[in-house]
Amino acid sequence: EAQVTQNPRYLITVTGKKLTVTCSQNMNHEYMSWYRQDPGLGLRQIYYSMNVEVTDKGDVPEGYKVSRKEKRNFPLILESPSPNQTSLYFCASSLRPPYSYNEQFFGPGTRLTVL
Amino acid sequence: DAKTTQPTSMDCAEGRAANLPCNHSTISGNEYVYWYRQIHSQGPQYIIHGLKNNETNEMASLIITEDRKSSTLILPHATLRDTAVYYCIVTGTASKLTFGTGTRLQVTL
């Protein structure tokens, strides 16, 4: 089944403890992206990747890192999480970038709480 | 990318057609109109997209006005499972989808 998977789905952690949220897609998509969703602010893009080894900042990249060593995986890294990073995170992928007029597939989300 | 305006919320009776409007008066010639929906806190789900012709798929129909300044998403026979937030997105050159606040559709018995 074609899908985007994220792990973990739920995570409660403490300030400063490094964590990684994994994202994987099995559709051979070139484009991958991370969004966060907060009440009243909607979905905002954190980072995106056009292809392997190509990543770029989205609208809210501060406090996050990403890597794209393989086409299928696009992990989101929080080196030193803070409470303002408490949010619902979504990974997305598509065959080509959004400006190429194609459908994006979203993962099920990761609900992160930083105490 | 062009800005979109949608009503905050709408209600629809189950079995009836749900018509969700979207204004995008600043849309430019190469920008497409996309619709996604988000059921509760699940990941957004693609519904349909179009440029200037009306489009239909197994989920919905998309009607775009001739001047392309507005569009309507039509769910022909809404069910309770269609209760969700519906996002109208216009994109052309950006490297991301810009989600606004969307329309919260409540389908009732």
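Below, chain A is the first sequence line, B the second, and so on; all start at residue 1.
Residues E53(A) and R68(A) are not paired through a salt bridge, judged by the lack of any N-O separation under 4.0 Å between the basic side chain and the carboxylate.
With a threshold of 4.5 angstrom between heavy atoms, L88(A) approaches chain B through side-chain atoms but not through N, CA, C or O. Only the backbone of P108(A) comes within contact range of chain B, with heavy atoms under 4.5 Å apart. Heavy atoms of D56(A) lying under 4.5 Å from chain B are absent altogether.
Separation of the Y36(B) and Y87(B) ring centroids does not fall under the 6.0 Å cut-off. Less than 6.0 angstrom separates the ring centroid of Y35(A) from the ring centroid of F106(A).
Heavy-atom pairs under 4.5 Å with chain B peak, among F105(A), F90(A), Y48(A), at F90(A). Heavy-atom pairs under 4.5 Å with chain B were tallied for Q6(A), Q45(A), R44(A); the largest tally goes to Q45(A).
The main-chain N or O of I77(A) is never found under 3.5 Å from a side-chain atom of T20(A) such that the two would form a donor-acceptor pair. In this structure, the side chain of R9(A) engages the main chain of G109(A) through a donor-acceptor pair within 3.5 Å.
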